Structure formats: C-alpha cells, structure tokens
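Worksheet for the structure shown next.
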Amino acid sequence: MGAGEFDLIARIRARAGTRDDIVLGIGDDAALLAPPPDRQLVVTADTLNIGVHFPESTSPADIGWKALAVNLSDLAAMGAEPAWCTLSLSLPQSDPTWIDAFLDGFLALAARHGIALVGGDTTRGPLSVSVTAMGLVAPGRALRRDGARVGDDVWITGTIGDAAGGLAHLERLSSPLLRGRLDRPTPRVDAGRALVGIATACVDVSDGLLADLGHICGRSGVGAQVDVDTLPASDALRTSFDDVHRLALQASGGDDYELCFTAPTEGRQRILALASQLDLPMTRIGRIVEGETVQALRRDGQPWQPVRRGYDHFDSV
Ligand code: ADP
Ligand code: MG
C-alpha cells in the first residue's frame, strides 16, 4: 500500500494489547506465541465485506467491533478461552482517521476478552476485514457440533431475531436496540466456556437459527424439533414487527451471535442456574429427535413453514 501502509501498521502496533504468552507480536515477519502445553489450540477465521456483512452506513468503530465479535463468537461456540488474533485489512485508501476509529471498536472488545492482536496484513482494495482468532481449550473438552443425542433439549442464549430486525428496518428509523444488535453483537464467550461439560453440542447463530441448528443435526446424525412459539424475543422486536414477521426473523434471520446448544434433560437446573449467574437468559426451545431434519412447530404441534431458511451467500449465484 506504499508509504501509508507502514504508518497504518505503526498506529495499529502502538495500540495492540499484549499478553505474557506472546514471545513476539506485531513487527516481525510473523508472531511467536507460547501456548500452554496442556491446552488445545482453537483457530477460526471470518471475513466481513462491505455491503455483504455490514451495511455501507456502518461506522468504522462498529465495523471494528463486529469483525472481532463474529470471530469471538466462533471461539465461544467451541467453549474456548480467547487468546490471540490477527487482522487482515483491505482498505480503499490509507486513512489514519478511519483506522483510529476502527481500532476504537476492535480494541474495546479485544480488551474485554483479553485477546491480543499479534499480526495481520494491510493492503489496498475494496473495504474488507478478515480476522483470525485463536483460543485455548482443555484437551477433548471443546464444544463441537457432533455431540447432540436423541432426547437432548435444544437451548438458545439471549434473544434472537434482533439483528435481522435491525437489518429489515435499515431504511427506516429502526429501534436503537435492534440496530445495536446488528452493529455490535455480543459474543457469548463466558457462556460458551461455562457450557463445557454441560452442553453436548453447540453452534453460534450467524446464518439463522434453523439453519445453524441444522448444522448440529447434520454433524450429529439427528433431527430436531423447534417450538417456534417459545423463541425468546426482545420487547423491541415484539413492538417493531407483527407476529408473523417476528417469527420469520427469529427462526431464519442471522447475525444474532447467540449460542444454540443441546444438553441432556438432567442438565436443566444447572443451565438455569448458570443463566442467572451470568445474567443471560437461556431458553429451552425444542428437542433432539431421530431423523435428519429440523422441524419448526407451532404451539398446537402443527408445522410452521419458515419464509426463508437462513442466509446463504451463494443462494442467487
Ligand atoms: P510482511 O511484508 O513480511 O508480510 P508486513 O509489512 O505486511 O510484513 O507487516 C509488518 C508487520 O505488521 C507484521 O508483523 C504484520 O503481522 C503486522 N501487520 C501488518 N498489517 C497488520 C494489521 N492490519 N494488523 C495487525 N498487524 C499487522
Ligand atoms: Mg504483508
């Protein structure tokens, strides 16, 4: 990116956090990290492209927050403790003001979770942000998608549908809560870590609840039933949409970054105790059954037909 690239990297380096287990951070050809010998390394990467993963109107600080949040959410869904991350930036121009604002959002969330920025890449091109996040988990303890068993309950953290509601109302004056959930998702890192040893399978809701639960079913070789009338909704979502639209947003809208997990029925009390301890609602929304599909059911047991099943980037290709 020419001379500007080094100025930008210097700005990033000056503000990146540190940890005792970083032997060498930003500034060499690669970072040197010292993972503890008694942990497995959990690695995930996610890219945000302008107009696809965030609206053009998103502020630089919110882009920074969200780029890290979606990766922390993947670590959370694995039950991992965040440790290090890298940041690959494609920018249309070398703009220090933009970088500073971007870092405000990115580093505020990083500090909250003790994750340190140890490297990356800076190039010129259409605005795109790619983060790789690394975390740690005790050997064999990670929350995977393939552990759900017939008879398990299906649970969801927090409320769902808010981010999709914020996106649907982008052109109008949407509720600040809904827009906030779209722009600044809260990765459920503490919940994911606490669910190790309790949940049998876990996924974060990024593409839509039914689609993401379908990933657990596919990997576990089971089916699921979701009682759509039990899906937890925020007051903001309830007042912004009628029930038909709200249910569609909740069942199929993405970007909430809540955790959907399965657990044996014996775990109910423990999960509810954990929810109150973390001050984060955890709601039972269905069950794992034999089969291979995710069925959405109304209160009367009749099937509910979703308007669309999650978001597929290659839907229209
Ligand atoms: P190289 O050409 O050897 O890949 P660079 O000039 O791209 O090195 O990067 C120099 C240093 O700055 C490296 O340590 C790299 O990891 C870091 N770096 C570059 N861009 C970023 C970024 N956007 N965020 C964090 N670190 C970065
Ligand atoms: Mg490079």
Side-chain angles (χ1 to χ4, degrees), residues 1-50 53-54 58-76 78 80-138 142 183-187 189 192-193:
M1 193 180 251
E5 178 191 353
F6 300 105
D7 178 47
L8 291 188
I9 296 173
R11 293 180 103 85
I12 295 170
R13 183 183 182 184
R15 293 181 61 186
T18 188
R19 288 168 54 106
D20 291 345
D21 49 16
I22 300 173
V23 182
L24 200 52
I26 295 173
D28 212 300
D29 290 309
L32 262 181
L33 308 171
D38 59 344
R39 286 288 179 275
Q40 288 179 335
L41 189 59
V42 183
V43 181
T44 182
D46 256 316
T47 299
L48 301 189
N49 291 322
I50 188 165
H53 303 94
F54 56 88
T58 310
S59 77
D62 287 345
I63 296 170
W65 177 286
K66 189 167 181 176
L68 183 58
V70 301
N71 282 278
L72 286 171
S73 179
D74 282 321
L75 292 184
M78 299 299 290
E81 172 193 357
W84 315 285
C85 62
T86 64
L87 167 64
S88 293
L89 280 172
S90 164
L91 302 173
Q93 66 233 358
S94 171
D95 180 347
T97 313
W98 191 93
I99 274 290
D100 287 343
F102 173 92
L103 290 174
D104 288 344
F106 189 98
L107 296 175
L109 184 60
R112 225 183 246 202
H113 293 285
I115 190 169
L117 178 59
V118 297
D121 196 24
T122 307
T123 57
R124 192 186 291 273
L127 181 56
S128 173
V129 184
S130 186
V131 172
T132 297
M134 287 156 275
L136 302 167
V137 71
D183 290 338
R184 291 213 168 208
T186 304
V189 174
R193 292 181 64 190

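Nothing here was measured: the structure is a model prediction, and the numbers come from that model.
Here salt bridge (charged side-chain N to carboxylate O under 4.0 Å, His left out) pairs that include residues 28-48, with residues two or more places apart or in two chains, number zero. Within the structure, side-chain hydrogen bond (donor to acceptor under 3.5 Å, both in side chains) pairs that include any residue of residues 63-72 comprise Lys66-Asp255 (at least two apart or interchain).
Residues Thr86 and Met134 come closest through the heavy atom pair CG2-CE, 4.3 Å. A pairwise comparison of heavy atoms in Ala69 and Pro187 identifies O-CB, 3.7 Å as the closest pair. Contact record, Arg184 with Ala61: NH2-CB, 3.6 Å, taken as the closest heavy-atom pair. Considering all non-hydrogen atoms of both residues, Ile22 and Ala116 come closest at CD1-CB, 3.6 Å.
Between Arg11 and Pro96, some side-chain heavy-atom pair lies under the 4.5 Å cut-off. Using a 4.5 Å cut-off on side-chain heavy atoms (C-beta onward), Asp62 and Phe54 make no contact. Counting heavy atoms from C-beta on, the side chains of Val23 and Leu33 never come closer than 4.5 Å. The shortest distance between side-chain heavy atoms of Pro126 and Ser90 falls below 4.5 Å. Here the side chains of Ile50 and Ser128 are not in contact, with every heavy-atom distance at 4.5 Å or above. Annotation: side chain of Ile26 is in contact with side chain of Leu117 (closest heavy-atom distance under 4.5 Å). Within the 4.5 Å cutoff, side-chain heavy atoms of Leu89 are placed close to those of Ile99. You'll find the side chain of Trp98 stays beyond 4.5 Å of the side chain of Leu103, heavy atoms only.
Of the candidates Asp21, Val43, Thr132, Trp84 forms a side-chain contact (heavy atoms from CB on, under 4.5 Å) with just one, namely Asp21. Here the options are Asp74, Leu75, Leu136, the test is side-chain contact (heavy atoms from CB on, under 4.5 Å), and the partner is Val42; only Leu75 passes. Just one of Leu91, Leu68, Ile63 meets the side-chain contact (heavy atoms from CB on, under 4.5 Å) condition when paired with Val129; it is Ile63.
For the atom pair OG1 (Thr58) and NE2 (His53), the distance works out to 12.0 Å, reported to the nearest 0.5 Å. We find the CE-CD distance between Met78 and Gln40 to be 9.0 Å, quoted to the nearest 0.5 Å. In this structure, Leu127 CG and Leu48 CG are separated by 9.0 Å, a value rounded to the nearest 0.5 Å.
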Q: Evaluate side chain to side chain contact (heavy atoms under 4.5 Å, CB included) for Ile115 paired with Glu81, printing each intermediate quantity in order.
A: CA-CA 9 Å; Ile115 190 169; Glu81 172 193 357; over 6 Å; no
Q: Under the side-chain hydrogen bond (donor to acceptor under 3.5 Å, both in side chains) rule, what do Ser130 and Thr47 come out as? Steps first, then yes or no, please.
A: CA-CA 4 Å; Ser130 186; Thr47 299; 3.1 Å; yes
Q: Apply side chain to side chain contact (heavy atoms under 4.5 Å, CB included) to the pair Phe106 and Ile12, showing each step before the final yes or no.
A: CA-CA 11 Å; Phe106 189 98; Ile12 295 170; over 6 Å; no
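In this structure a side-chain-to-backbone donor-acceptor pair under 3.5 Å is missing from Arg13 to Gly25.
Atom CZ of Arg19 sits in a crowded spot, with more than 12 heavy atoms from other residues, nucleotides or ligands closer than 6.0 Å.
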